[in-house]
Amino acid sequence: MTRLSSVRLASSLFAGAFSSRPAAIASAPGRVNLIGEHMDYNGGPVLPVALERRTAVAAALEDGWFLVSGLDGVVRGVDMDAPPRQDWTVYLVGVVRELRRVGAAPPGARVAVETTIPIGAGLSSSAALTVAAAKALSLVAGRRLTPAQLVEVAFRAEHDQVGVACGRMDQTVAAHAERGTALLFETATGAIQRVPFPGRFWVVETGVSHRLTGGDLNLRRRECEEALELCRQWRRGLVHLADLPGADRPKAERLLPAPLSRRVRHVVTEAARTRAAADALARGDLAEVGRLLVAGHESLRDDYESTVPEVDLIVASAIANGAYGARLTGAGWGGAVVVLAPAERAARVMAEVAREFRERFGRAPLVWSSRAGSGVRRETVPA
Ligand code: GLA
């Protein structure tokens, strides 16, 4: 699907629901993370890529708040000061509350949301929604926020208001991505470097949906905090777990109880793999990037324990059929796999993956491809 589709969809949803035209539309992309998983709350590097699939938010000033999504087409009046409903509108409530804190919220608005990003598939539909909403609503309020400000509003909305223990990776790529590039984001310093990524990548959705609010991600984050505390007892001044020098890893593994020892091993080795993958990508060495992706996947499977049998099968099958590499992408416990494969072989690899998946699980996975897309932007309101 193209960007036009989510923008057009949001614009016509708005027109149908509110019998008027939106004053502003903004859109933001979903993402795959090539590598650097569970790094952003441990101070390590991440290497995400924006999808061509996007979420569009259309908005106009109004007395009070009226929200509609293409998911069900039902217009909901929302009280921004009441406890939020536990559905997609909680993200909008979070964004509005955070925009108010920086003086960039309109007093009220009509809002229509459409997306071409699969929801709950580990492809960051929530950050696409919060970043696009922050942009559209601040425009309606007559404010122009910088990409960095949009990241902060969107991150606070999801982290503080919705209560997901996420880091800033998803919001950062949704706001800063540039077409044809991956984003090497050093989460400890905030440094961003764009790495050329002209090719195509493949996404295989497992159809196993993950629930992040209050779930496994929050538990892993607590485990990492505990591991950091324990490491500080002998590594004074350690700020982030991902800063633990590789040479200290054997000691950490010896001193820490399981499963914390395994979590540390993932964090330390993943930081090194991510920087190596960014270098390899910059050289155009996709075979090496693929090898690092597979090592990263094994680390998620064995040490971080965030994979499920569906993703393990997809990765194994992709490699066996000639992909450069493949890896669970995003938080995990379901979600999607990103696959890098030689262009001339990709169709055959993906057909085999789908066949083996169907044989084992009795249903077909969704398989599609994308190139590296661009970050948040204001869209022209269609005539
Ligand atoms: C989710 C979070 C991100 C990141 C990943 C794991 O997508 O929203 O901030 O922590 O999990 O890498």
Side-chain angles (χ1 to χ4, degrees), residues 33-48 122 124 155 158-160 162-170 172 185-190 206 208 210-277 292-312 315 327-335 337:
N33 186 20
L34 270 188
I35 191 164
E37 217 63 83
H38 300 286
M39 290 287 100
D40 62 351
Y41 54 89
N42 283 309
V46 297
L47 189 62
S124 195
F155 169 73
E158 181 150 1
H159 187 274
D160 299 2
V162 182
V164 180
C166 57
R168 284 178 173 75
M169 167 171 73
D170 303 342
T172 300
F185 170 35
E186 288 286 351
T187 64
T189 61
T206 59
V208 182
H210 67 164
R211 288 190 59 82
L212 284 191
T213 16
D216 300 288
L217 180 62
N218 294 12
L219 171 61
R220 283 296 176 278
R221 186 162 186 161
R222 280 201 304 279
E223 289 173 343
C224 289
E225 278 160 11
E226 215 179 303
L228 177 61
E229 277 311 309
L230 291 173
C231 288
R232 276 180 182 149
Q233 291 178 358
W234 47 273
R235 241 299 155 198
R236 295 203 187 286
L238 185 69
V239 180
H240 302 289
L241 200 52
D243 292 342
L244 193 74
D248 279 1
R249 181 166 62 82
K251 183 170 179 184
E253 284 181 35
R254 224 174 31 247
L255 293 181
L256 266 57
L260 302 189
S261 47
R262 296 199 294 278
R263 309 297 184 245
V264 172
R265 184 160 60 204
H266 169 75
V267 169
V268 174
T269 58
E270 183 81 346
R273 276 189 296 271
T274 304
R275 295 186 183 113
L292 291 160
L293 260 58
V294 174
H297 182 80
E298 286 165 356
S299 181
L300 290 176
R301 185 191 60 202
D302 302 336
D303 288 341
Y304 220 70
E305 296 172 275
S306 57
T307 75
V308 294
E310 286 84 349
V311 302
D312 292 337
V315 170
R327 201 180 67 82
L328 165 65
T329 190
W333 298 283
V337 171

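Atom set for the values below is all heavy atoms of this structure, side chains included, hydrogens, waters and symmetry mates excluded. Predicted, not measured: the structure shown is a model, and the values here were computed from it.
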Problem - Cationic N near anionic O, under 4.0 Å, Arg222 to Glu225 - result: no
Problem - Partners passing side chain to side chain contact (heavy atoms under 4.5 Å, CB included) against Ala295 (at least two apart in sequence or in another chain) - result: Arg273
Completion exercise
The ring pair (Phe, Tyr, Trp, His ring centres under 6.0 Å) partners of His240 (sequence neighbours excluded) come to none
Counting only pairs under 3.5 Å, give me each side-chain donor-acceptor contact of residues 254-262, with atom names and distances, residues two or more places apart or in other chains.
residue: Arg262; atom: NE; partner: Glu305; partner atom: OE1; Å: 3.3
residue: Arg262; atom: NH2; partner: Glu305; partner atom: OE1; Å: 2.8

Completion exercise
side chain to side chain contact (heavy atoms under 4.5 Å, CB included) filter on Val315, not counting sequence neighbours, yields His297, Ile319, Ala326, Val337
Practice task
Heavy atoms only: give me the nearest Val267-Cys224 pair and the separation to one decimal.
Solution key: CG2-SG, 4.4 Å
Exercise for the section: Mind telling me whether Tyr304 and His266 have parallel, tilted or perpendicular rings, with 30° and 60° as the class edges? Expected result: tilted
Problem - Pairing residues for Asp312 by the salt bridge (Lys or Arg N to Asp or Glu O under 4.0 Å) criterion, not counting sequence neighbours - result: none
Fill in the blank from the handout: The salt bridge (Lys or Arg N to Asp or Glu O under 4.0 Å) partners of Glu310 (sequence neighbours excluded) come to none
Fill in the blank from the handout: Of all heavy-atom pairs linking Cys231 and Ala252, the shortest is SG-CB, 4.3 Å
Fill in the blank from the handout: d(Thr307 OG1, Asp302 CG) to nearest 0.5 Å is 8.0 Å
Exercise for the section: Please name all residues satisfying salt bridge (Lys or Arg N to Asp or Glu O under 4.0 Å) with Glu229, sequence neighbours left out, ordered by chain then number. Expected result: Arg232
Handout entry: Arg263 with Glu226: basic N within carboxylate O range, under 4.0 Å
Key = no
Handout entry: Counterpart residues, salt bridge (Lys or Arg N to Asp or Glu O under 4.0 Å), relative to Asp303 (two or more places apart)
Key = Arg265
Handout entry: Which residues share a ring pair (Phe, Tyr, Trp, His ring centres under 6.0 Å) with Phe155, sequence neighbours left out
Key = His159
Practice task
Taking all heavy atoms of Gly330 and all of His38, pick out the closest pair and write down the distance.
Solution key: O-NE2, 4.3 Å
Handout entry: Audit row: Arg327, Ile35, side-chain contact (heavy atoms from CB on, under 4.5 Å) steps and yes/no
Key = CA-CA 8 Å; Arg327 201 180 67 82; Ile35 191 164; 4.1 Å; yes
